[in-house]
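Notes follow the structure.
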Amino acid sequence: MKSQDLLILLKLVSLSKDEQQFRSLVPPRQEYLKSSWEGWDSIEEDYMLLEGDLGVSLDTDLNAIDVSPELTAQRYSVRSLASSTGIGKTEVNNSIKRMKQVGLVRSDRKTGMPKANTKALVELIVHAVRYVFPAQMGTVTRGIPTAFSAPILASELSSPGELVPVWPDPYGKTKGQAVEPLYKSVPHAVRRDPFLYGLLALTDAIRIGSVRETTLAAEQLRRETKDL
């Protein structure tokens, strides 16, 4: 298993979440995203159509969109997953094959689209990610808040006066201690997908957190992925 496999798996979970929200008309942004969730200065990429992802801008009312089966299938294609995660098409294809072999990805019976085995993935992250992909902490830098400094956990776990963990990124708004992301394209991927941002931040909290922080992150991860 490679670290980019986790990024792709979490992206598949995010796509499943989108499908669930479209079917149930649940507002697509969670409570922790009601305020500004972007931990970086706006760049041109933020205003581009999310090619291969939702096909709409971040400000679009997602509940007003008629999502056809063709568009849904397109979002699960290798080309689309490569565009939305920043991982090369060949590596995306190889990753999906690896994950199918170990049961973390299955093909949807009706559409053939790759779907994450979410329950197994969550248990893998909760119990093994800190050992399989231990976080490398770096120097003070500018970056995007992650782990307990990200919006998904910041209200529950605040550490005044301490350096917060960040993914190094030249557009990041926060000064903190660098945390090596699971894969180099994580900043690219989270700018395109707020739910994926939350999942990756929770994963980082489990990678680097104390017992209390890890427990809270694991509970939140299970809540966010319930019924997916």
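Values below: every heavy atom of this structure, side chains too, minus hydrogens, waters and symmetry copies.
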When rounded to the nearest 0.5 angstrom, what distance separates CG in L196 from CZ in R191? 12.5 Å
Are the side chains of Y171 and P187 in contact, using a 4.5 Å heavy-atom criterion? no
E219: which residues meet the salt bridge (charged side-chain N to carboxylate O under 4.0 Å, His left out) condition with it, sequence neighbours left out? none
Please name all residues satisfying side-chain hydrogen bond (donor to acceptor under 3.5 Å, both in side chains) with S107, sequence neighbours left out, ordered by chain then number. K100
Strictly distance-based, threshold 3.5 Å: is any side-chain N or O of S3 a donor or acceptor partner for the main-chain N or O of Y183? no
Quick check: does any side chain N or O of D169 sit under 3.5 Å from a backbone N or O of I144, one acting as donor and the other as acceptor? no
Between K115 and S16, is there a side-chain heavy-atom distance shorter than 4.5 Å? yes
Verdict with reasoning, D193 to S84, per side-chain contact (heavy atoms from CB on, under 4.5 Å): CA-CA 8 Å; D193 187 336; S84 60; over 6 Å; no
Measure from the side-chain N and O atoms of S149 to the backbone N and O of P165, and report whether any donor-acceptor pair falls under 3.5 Å. yes
Rounded to the nearest 0.5 Å, what separation is found between the CG atom of L182 and the OG1 atom of T146? 8.5 Å
Atom CZ of R109: over 12 foreign heavy atoms under 6.0 Å: no
Between K175 and V140, is the side-chain contact (heavy atoms from CB on, under 4.5 Å) condition met? List the steps. CA-CA 7 Å; K175 185 179 181 180; V140 176; 3.4 Å; yes
Is a salt bridge present between R207 and E213, judged by a nitrogen-to-oxygen distance below 4.0 Å? no
Determine the minimum heavy-atom distance between A217 and A205, stating which atoms define it. CB-CB, 3.6 Å
Start with the C-alpha distance between L216 and F148, add both sets of side-chain angles, then the distance that settles side-chain contact (heavy atoms from CB on, under 4.5 Å), and finish with yes or no. CA-CA 10 Å; L216 285 173; F148 33 86; over 6 Å; no
Report the residues that fulfil side-chain hydrogen bond (donor to acceptor under 3.5 Å, both in side chains) with T111, sequence neighbours left out, ordered by chain and then residue number. D108
What is the distance from atom CD1 of I125 to atom CG of L10, rounded to the nearest 0.5 Å? 4.5 Å
Check whether any side-chain heavy atom of I87 sits under 4.5 Å from a side-chain heavy atom of L81, and report yes or no. no
Taking G138's backbone N and O only, do any of them form a donor-acceptor pair with Q177's side chain (distance below 3.5 Å, no angle check)? yes
With side-chain contact (heavy atoms from CB on, under 4.5 Å) as the criterion, how do K119 and R222 come out once you've worked through the C-alpha distance, each side chain's angles and the decisive distance to 0.1 Å? CA-CA 8 Å; K119 184 177 180 180; R222 290 190 174 105; over 6 Å; no
If we ignore hydrogens and angles and just use 3.5 Å, is the side chain of S83 paired with the main-chain N or O of R79 as donor and acceptor? no
D5 side chain to K2 backbone, donor-acceptor under 3.5 Å: yes
M1 side chain reached by L9 side chain, heavy atoms, under 4.5 Å: yes
Contact between V164 and P145 at the side-chain level, heavy atoms closer than 4.5 Å - yes or no? no
My understanding is that only residues two or more places apart in sequence, or in another chain, count here; which of them pass side-chain hydrogen bond (donor to acceptor under 3.5 Å, both in side chains) with R106? none
Rounded at 0.5 Å granularity, tell me how far CG in L6 sits from CG in L200. 9.0 Å
Taking the side chain as C-beta and beyond, is there a heavy-atom pair between I152 and Y197 under 4.5 Å? no
Which pair of non-hydrogen atoms, one from S185 and one from T85, has the smallest distance, and what is that distance? OG-O, 2.6 Å
Ionic contact status for R75 with E19, cut-off 4.0 Å: no
Which residues pass the side-chain hydrogen bond (donor to acceptor under 3.5 Å, both in side chains) test with T214, sequence neighbours left out? R130
One should read off an interatomic distance between T118 OG1 and K17 NZ, to the nearest 0.5 angstrom, of 10.5 Å
Taking all non-hydrogen atoms of both residues into account, name the closest pair between A82 and K89 and its distance. CB-CG, 3.6 Å
Can you find a pair of side-chain heavy atoms, one from L124 and one from V129, that are under 4.5 Å apart? no
Taking every heavy atom of V179 against every heavy atom of P168, the minimum-distance pair comes out as O-CD, 3.5 Å
Student check: side-chain heavy atoms of V92 and K11 closer than 4.5 Å: no
Nearest 0.5 Å please: distance from the CG atom of L228 over to the CG atom of N117. 12.0 Å
Would you name the heavy atoms of L7 and A189 that are closest together and state the gap between them? CD1-CB, 4.2 Å
How close do P181 and V186 get, counting heavy atoms only, and between which atoms? CB-CB, 3.8 Å
Residues which pass salt bridge (charged side-chain N to carboxylate O under 4.0 Å, His left out) with E91, listed by chain and number, not counting sequence neighbours: R98
